[in-house]
Amino acid sequence: MTISRFAWTLVFGLLTSPAWAWDNHSLAAYRALEVMPEVANAPSVNVETLESFLKSEEKTLEALLASQEAWALANLENYPARPSALAFMAKPERSDEARRQAFLTALRIAPNSKFALFLQPDPRNGTPQGTALPYAAVNTLPEPQNSSYKFIAIKPGDAVAALAVVATASDEPDYGLDINLWDDSPSDWGKTYGFGTQPFGNPSLSFATQAPFHMGFMHESRVLYAAAPFIKRTFPRLRSYQYSTLAALAFRTGHPYWGWRFTGLSLHYLQDLTQPYHASLAPGESTFKLLGANALAMAGMTGMKDNMVILLSNRHLVLEKYQRETMEAAAQSKQDSALEKALHNTDKDASYPEWNESYLRDIVSTQAAAAGPQLVQTLLATMPPAYVSDPSLDFGTKEDNINLLAELAKRDPAERARLETAVAELMGNFGAHSRNAVRGILKASNR
Ligand SMILES: [Zn+2]
């Protein structure tokens, strides 16, 4: 029996939250990459507009984007071919704006993406210097309540640190680049992109439309794939490949600012997949239970399924909130927690195979999916029970008013240490894989 994607809408209720894996990638990326001499000691780079980069590399980009399409067709499962009308062709006489539009639509990302010139300063360095940019200057999505984001304007020719460029860009794919790309999206461009209908999640919620690019369910059971084949239609590997090969091209052709920026954009997708809730559909739940809950719901008994959706969502959000609060507190106090120490630790980097175009699937998401069940046990044992075990509480609607670290401070220190160790392990993976990807991209750039 194949279940229609609509029958599963509730299972994907968890995808409708504005909180994304590792809420702000930049902060963790600063810590992961500042210990890497190739990044920390890289010469500062001169800022360049996207239009200028595209204009000077138009011919090489035409060839690269054609090779990306060939790679995707040959290597990605369930890859929908790009409509040939979207191919990027060198046309030196066209306007900068027309070239930019052609590039973004050839990549099949949102054509209104800002690609502003900006940095997200490292909060570890105190009050940032420079001209602040409003949220809306870098991001097409509405600013969340209580947003703590800070952006600083940079301009062409400015010399900026490679670390700041790559760490800043590692958060950028969440700024609207992958929004409304589907046939059934409320956008002009979605219908022309050929990605098909949105495989899961609510098409009218902008945040949900990006999920199939930022999650990858590559290690589910055969039974689940047979029942719900649409869960295979996820594309983080496409994005990772597009941006990593763009980075190598930019480095090779003398555009190091865009080399580092595309490197950061590419890292985002790898980092998302280090989050167990982005690498498997329902961490800690058996296929049998998922299918059972779904079958009951189809017969009109939705209780089990509704509870499962809420609990999955709550655990997902509580994990990310813990990581965010811990790292923000560490940045403010300038005292490393176990999370920063894990991000700094390079001991395991060499224990993984060298970075390659299947690394995301074979190494990163395999590891994250496998970590799910144990992680869920830890969350259940260490978090306040109301947040992880009570389906009558919707954590997503309450979390703005919750200070999780303060709540945890009232609990048993041994439990707190267990939780910190578990999340530090995930941050260790985030760091090791990010560095391995940077090494791979630099190698491909002959640097
Ligand atoms: Zn993301």
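We count ligands from 1, going down the list as the structure has it; atoms in each ligand are counted the same way.
Side-chain atoms of Trp355 do not come within 3.5 Å of backbone N or O of Arg435 as any donor-acceptor pair.
Here Asp178 fails the criterion, with no N, O or S atom under 2.8 Å of the Zn ion (ligand 1). The Zn ion (ligand 1) lies under 2.8 Å from an N, O or S atom belonging to His214. Under 2.8 Å from the Zn ion (ligand 1) lies an N/O/S atom of His268, whether from backbone or side chain.
Classification of Glu77 and Arg361 as a salt-bridged pair fails, no side-chain N sitting under 4.0 Å from a carboxylate O.
Residues forming a side-chain contact (heavy atoms from CB on, under 4.5 Å) with Gln68 (at least two apart in sequence, or on another chain): Leu64, Leu65, Leu107, Tyr241, Gln242, Thr245, Leu246.
You'll find the ring centres of Trp260 and Phe251 inside the 6.0 Å limit.
When rounded to 10 degrees, the angle formed at the Zn ion (ligand 1) by OD1 (Asp174) and OD2 (Asp272) equals 170°.
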